[in-house]
Amino acid sequence: MLEARNISVKYGPRLAVSEVSLRLSPHEVTTIIGPNGAGKSTMLRTLNSGIAPVSGEIILDSRPLGSYSRRAIAKRIAVVAQEAELRFPVAVFEFVLGGRYAWSSTAGWGWETARDVEVARDVLRETRLEELSDRLMTELSGGERQRAVLARALATEAGTLLLDEPTANLDLAHQAAILALVRKRCDTRGMAALVVTHDINLAAEFSNHVLLMKDGKTVAFGKPNEVLTPDLLKEVFAVKVLVDAHPVSGVPRITPVHEVLR
Amino acid sequence: MLKEHLPQLQKFAGTRRPLAVLLSLGLLFAACSKPNNNKSDSQIGVHQTIDEAGRTIIVPNTVTRFISLAPSLTEIVYAIGAGEGLVGRTSYCTYPAEAQKVEAVGDTLKPSIERIIALRPQIVFVSTASQLEAFTSELQAHHIAVYVTDSHDLEGVFHSIERMADVLGKRPQADELLKQLRARVSSVAERVKSQPLVRVFYQVSDEPLYTIGRDAFITDLIKRAGGVSVTADVPGAWPKYSAESALAANPEAIILPTGGSMGDANSTVASALKRSPAVANGRVYKINDDHLSRPGPRSVDGLEDLARALHPGVFTK
Amino acid sequence: MSIASSTEVPAKDRVLRGIDEARATFKKTLLVCAILFAALIVVIVVMSLLGSEKLPAQASLCALLTFGKTSCGLTSDQDAILFDIRLPRILLGAAVGGSLAVAGASYQSLLRNPLAEPYLLGISNGAAVGTMIALVFMGAHEWSRPLMAFSGALIATLVVYRLAQGKTGATPERLILAGVIVTTFLSSAIVFVTTLMDATRIRSFTFWLLGDLSGTTAKLLWLALLIAIAGTIVLAAHARSLNLLMLGERDAFDLGVEVSRVRLVVFIVASLLVGSSVASSGSVGYVGLVVPHLVRLSLGSDNRITVPAAAICGAIFVVVADTIARTIIAPRELPVGAITALIGAPLFVYLLRRR
């Protein structure tokens with residue numbers, strides 16, 4: 001379990017995140033919603049110690065985050081970024097195997113064990129990429145590449161998943177697929193997930209909790225139907241919205257109401 | 001060419017004939033005449049001569065201002081008593097002591113052209129070892145004669161002394177100097193005549209290992225001193241030498257030029273030679289590098305140093 | 001590690017198996033390194049038979065194989081040539097070649113730039129300046145040269161690192177830029193110090209600057225070999241981290257790589273390797289550039305295989321180049337750097353065009 005208490009992050013003189021608290025429990029998906037510059041991604045990056053907060057504390061499995069080594073953190077917290085860094089061509093299988101890095105001991109000189117290969121194959125199966133395993137990452141479509149990024153994160157066998165706008169460049173099919181996979185993992189294997197996204201409806205569909213942020217501060221935290229209300233959303237996004245229940249799933253459905261200028 | 005101008009001339013001819021003829025004749029002379037050196041030059045006070053690189057140069061009959069761009073040439077200048085006309089030298093020209101009062105124009109590799117030109121010399125003396133080809137053409141553009149010396153052996157050095165003396169008008173002094181030098185050389189030759197040749201390794205530097213080759217004039221000095229350089233047939237003047245070959249050469253004596261301008265550099269024998277008979281028998285000789293590396297009057301000092309080292313028995317002084 | 005095969009392999013697994021074979025595995029790496037190492041031994045033995053002085057081939061082989069314990073009919077001069085002059089020089093060449101190639105491979109992976117090379121980053125020049133200071137001001141002491149070369153290399157490394165520090169740390173682009181600045185500055189410093197030297201020293205120093213394996217003592221040789229081997233081991237241990245760093249630093253961090261620590265260790269160890277090489281033999285160019293490329297072209301970009309392979313191939317390259325340098329105009333010698341450049345430059349052009 002990962003918990004952040006009163007985190008504040010500074011970028012120079014500016015407070016990017018101000019006194020935000022969060023708890024990620026197993027079996028739960030939490031989403032962070034907010035306008036650009038709200039501090040969502042910054043908040044996410046403090047959780048795996050990528051960014052150091054100026055105040056507040058982060059507790060991972062009852063111990064401060066700072067007491068863990070880099071590898072230890074990577075075994076427990078995995079990150080799915082918006083886009084993979086692919087400065088060099090690499091095959092999909094090799095890419096996904098990278099997720100096993102934290103599990104290697106230096107005594108093994110960084111060679112993968114049989115277990116590593118097995119785990120990699122399993123996640124490739126789960127993300128339906130096994131047919132593409134020997135292709136180069138750059139040959140894949142955007143959606144396939146994101147599945148590979150997710151596969152790598154899953155290969156770490158971390159208990160907590162942090163996803164930073166994972167569906168930003170994906171088509172509808174892939175958006176649903178990615179989040180469905182995350183949801184399934186949380187439900188069946190007890191993972192905890194944090195998703196930063198612009199897609200409010202997806203958030204409503206898949207999350208247990210929503211954190212609404214603006215200007216680095218928490219505006220609201222709670223279940224989707226508690227947070228995704230017209231008033232709160234208007235306050236944060238300055239856009240009038242209509243909220244009703246999704247006809248099939250029953251979760252809140254948010255429709256923006258644009259004032260059309262004629 | 002005249003044929004082309006004929007119609008124009010004919011046109012002129014009609015109007016101002018005599019003048020036209022004179023004009024065209026004048027043009028003809030101007031276009032076709034060559035500078036007549038010998039006759040007209042001696043009227044200004046210069047003459048043609050050929051330097052030791054085979055270059056034909058024009059030098060003044062009386063030289064009162066000149067520059068030397070090599071330590072060896074500076075030593076020659078003072079040895080023939082021409083020191084007062086020396087207005088420029090290199091920073092390495094430190095012998096004799098009076099030379100140090102003369103203005104320095106830079107080092108031997110890249111002297112300052114501006115300084116040289118500012119000193120208004122009539123001639124600049126250059127040694128081939130200085131590789132100044134590009135630089136000599138620049139001086140010539142400023143009408144400063146450049147005399148190149150080129151000596152590969154002791155006789156060549158003596159020849160340079162004579163030629164420089166010719167240019168500087170100090171032939172009698174040079175002849176006297178050469179008489180003395182030649183006497184010393186003969187004396188050495190006499191004494192080592194009957195001695196067995198000593199196989200010598202001349203170490204220019206230990207690391208990297210450099211020695212003298214076929215074209216180095218020190219090879220000639222060693223020969224005259226009753227020795228033979230083990231690297232005498234290696235092409236070039238200052239070859240970088242293989243340690244194996246130095247070891248296999250097994251020289252009887254090793255010469256270490258050091259102590260002069262080199263300071264205490266090169267005062268240890270290269271490790272490849274540590275097993276040689278020369279080291280085993282203690283026949284490692286340090287000789288003032290200025291006596292050996294400057295092809296000038298002190299080369300005879302170097303010759304005597306070498307002879308004394310190689311054949312101590314016949315030089316008991 | 002090999003996967004136990006079952007008799008019935010489903011289609012999906014067969015696809016994955018195919019990739020396994022194309023990947024760098026522990027077994028494959030061991031095999032490749034064993035073959036390369038054997039080739040190195042053969043090259044060392046054969047090159048020991050070549051030199052400006054002819055040695056009897058059979059007797060020399062016999063003496064080499066018994067590690068000099070029996071003379072096998074060689075005269076004491078021949079024995080001295082073989083074991084006191086040739087072999088140490090060849091071993092030094094192997095150490096220098098291995099060090100430079102492995103350092104080059106590491107820089108290229110770390111900086112994600114195929115042109116990253118010890119010279120380009122100012123480290124060779126830093127070591128050269130250090131050595132020059134030792135030569136000119138501390139001539140007498142034997143250890144002053146390697147010590148000052150290390151110091152020079154390390155100082156140049158740290159200066160480059162400091163210069164390259166931005167908000168996001170020392171990114172590869174900034175490191176390369178800083179390296180170019182430092183290397184050009186130090187080149188001028190070298191020219192300046194050269195002008196302070198007298199004419200005789202300049203000639204020998206210029207030769208050394210171009211790479212010269214002829215001057216070495218037993219102590220320096222052991223130091224160079226030790227550093228080459230230790231450095232290669234340390235860098236090979238970081239090979240997997242380098243693999244991840246090559247893809248991108250943000251993701252490498254997320255996956256558990258201690259990015260700053262790995263950067264620093266790799267940079268410093270590679271610089272020590274370069275410093276050690278330059279102290280022994282001046283700047284031998286192109287080894288750190290061409291050898292890693294060739295290795296990557298043949299074996300792929302996985303650092304776990306390219307780092308040790310580059311070390312061995314670099315050693316072979318310099319040993320062969322030095323043999324050419326010391327035999328082609330025998331008994332005179334050429335600087336080994338001239339040969340590595342003559343071979344390396346056209347080879348590099350060829351490699352570039354292949355891409």
Side-chain angles (χ1 to χ4, degrees), chain B residues 70-71 90-92 94 106-110 127 129-131 203-211 213-214 230-231 233-250 257-258 260-268 270-277 289-290 292-294, chain C residues 48 50-55 75-89 135-136 139-140 142 145 191 194-218 220 281-282 325-336 338:
Chain B
T90 75
S91 43
Y92 293 111
T94 50
D107 62 25
T108 48
L109 292 173
K110 274 215 132 236
S127 149
S130 312
Q131 293 162 331
Q203 180 181 297
V204 173
S205 75
D206 56 352
E207 214 188 287
L209 182 62
Y210 271 88
T211 185
R214 198 164 48 199
V230 296
T231 52
D233 47 9
V234 176
W238 311 103
K240 161 125 185 14
Y241 205 60
S242 142
E244 300 175 15
S245 302
L247 189 150
N250 279 317
T258 183
S261 315
M262 278 180 78
D264 60 0
N266 196 36
S267 49
T268 47
S271 49
L273 292 165
K274 292 239 159 76
R275 297 164 34 100
S276 59
D289 52 289
D290 291 342
L292 293 170
S293 63
R294 297 180 177 186
Chain C
S48 306
L50 300 171
S52 62
E53 296 296 306
K54 273 188 88 62
L55 295 182
T75 67
S76 72
D77 268 2
Q78 289 173 330
D79 192 85
I81 288 177
L82 185 59
F83 289 100
D84 296 340
I85 296 181
R86 250 186 230 174
L87 205 54
R89 177 166 175 163
L135 279 174
V136 176
E142 198 182 3
R145 247 174 54 177
V191 170
T194 315
T195 58
L196 295 177
M197 292 175 155
D198 61 73
T200 41
R201 277 243 190 87
I202 289 177
R203 192 192 309 120
S204 49
F205 187 70
T206 314
F207 195 92
W208 177 84
L209 264 184
L210 286 171
D212 174 32
L213 285 166
S214 62
T216 184
T217 63
L220 284 180
S281 65
R326 61 187 172 85
T327 52
I328 203 164
I329 53 166
R332 290 180 293 169
E333 292 186 349
L334 287 172
V336 61

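Proteins get letters first, then strands, A, B, ... in listed order; numbering begins at 1 in each.
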[X] side, atom [atom1]; [Y] side, atom [atom2] - distance, nearest 0.5 Å:
| X | Y | atom1 | atom2 | answer |
| --- | --- | --- | --- | --- |
| Arg89(C) | Ser242(B) | CZ | OG | 7.5 Å |
| Asp79(C) | Arg275(B) | CG | CZ | 7.5 Å |
| Tyr210(B) | Glu333(C) | OH | CD | 9.5 Å |
| Ser276(B) | Asp77(C) | OG | CG | 10.0 Å |

Just do the side-chain contact (heavy atoms from CB on, under 4.5 Å) check on Lys240(B) and Asp212(C) with the steps written out, would you?
CA-CA 11 Å; Lys240(B) 161 125 185 14; Asp212(C) 174 32; 3.6 Å; yes
For the side chain to side chain contact (heavy atoms under 4.5 Å, CB included) test, which of Arg86(C), Lys54(C), Gln78(C) pairs with Glu244(B)?
Arg86(C)
Quick one: what part of Arg326(C) sits under 4.5 Å from any heavy atom of chain B, side chain, backbone, both or neither?
side chain
What part of Thr75(C) lies closer than 4.5 angstrom to a heavy atom of chain B: side chain, backbone, both or neither?
neither
Where on Asn250(B) is there a heavy atom nearer than 4.5 Å to chain C: the side chain, the backbone, both, or neither?
side chain
Heavy-atom pair with the smallest gap, counting every atom of Ile85(C) and Ala243(B)
CD1-O, 3.6 Å
